[in-house]
Asks: 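Sharing a structure here in C-alpha cells format.
Quick caveat: nothing in here was measured; it's all calculated off a predicted structure.
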Amino acid sequence: MDENKMVTGKVKKPGKRGRKPAKIDLKAKLERSRQSARECRARKKLRYQYLEELVSSKERAICALREELEMYKQWCSAMDAGKIPSEIKALLTGDEQKTSQSSKKKNSISM
C-alpha cells in the first residue's frame with residue numbers, strides 16, 4: 001500500500017491538516033468583507049488628503065524661498081552696480097544698534 005494512505009494501520013486521507021474551517025454564514029462573511037472594503041477606502045482617502053496637504057504646504061514653502069532668492073539676486077545686482085539697497089542699510093544699522101545696545105548693557109552690568 002501507499003505510505004501516505006497507510007500510517008500505523010489507519011487510513012489517512014490526503015489533503016489539508018489542522019482544524020477544518022467552521023461553516024460561516026455566507027451573508028455575514030460578505031458583510032464583513034464589504035465593511036472592511038469601506039474602511040480601507042476611508043483610510044486611503046485620509047492618506048491622500050494628508051499627502052495633498054503636505055504637497056501644498058511644501059509648494060508654498062518653495063514659492064516663499066523663490067521670492068527670497070529673487071530678492072537676494074536683486075540686492076546682489078544692485079550692489080554690483082554700486083548701490084546699497086535700503087533693506088541692507090536697515091539691516092546694517094539695526095545690527096549696529098543691537099551691538100551698541102548690548103555693549104552698553106555689558107558696560108553697565110560690569111560697573
Asks: Going by atom type alone, with no hydrogens or angles, which donor-acceptor pairs under 3.5 Å involve a side-chain atom of residues 40-54 and a protein atom two or more places apart or on another chain?
Replies:
none

Asks: Hey, is CD1 on I84 packed in by over 12 heavy atoms from elsewhere, all under 6.0 Å?
Replies: no
Asks: Go through the structure and list residues passing side chain to side chain donor-acceptor pair (under 3.5 Å) with E31, not counting sequence neighbours.
Replies: R38
Asks: In sequence, state the C-alpha distance, the side-chain angles, and the governing distance for E87 and L91, and then conclude on side-chain contact (heavy atoms from CB on, under 4.5 Å).
Replies: CA-CA 6 Å; E87 295 90 355; L91 287 173; 5.5 Å; no
Asks: Find the distance between NZ (K73) and CZ (R66) and round it off to the nearest 0.5 Å.
Replies: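 Those atoms lie 10.0 Å apart.
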Asks: Can you pull the ring-ring contact (aromatic ring centres under 6.0 Å, His included) pairs that have at least one residue in residues 61-84, sequence neighbours excluded?
Replies: Y72-W75
Asks: Kindly compute the distance separating SG (C63) from NZ (K58), expressed to the nearest 0.5 Å.
Replies: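 The NZ atom of K58 is 14.0 Å from SG of C63, to the nearest 0.5 Å.
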Asks: Is a side-chain N or O of S36 found less than 3.5 angstrom from the main chain of R32, in a donor-acceptor match?
Replies: no
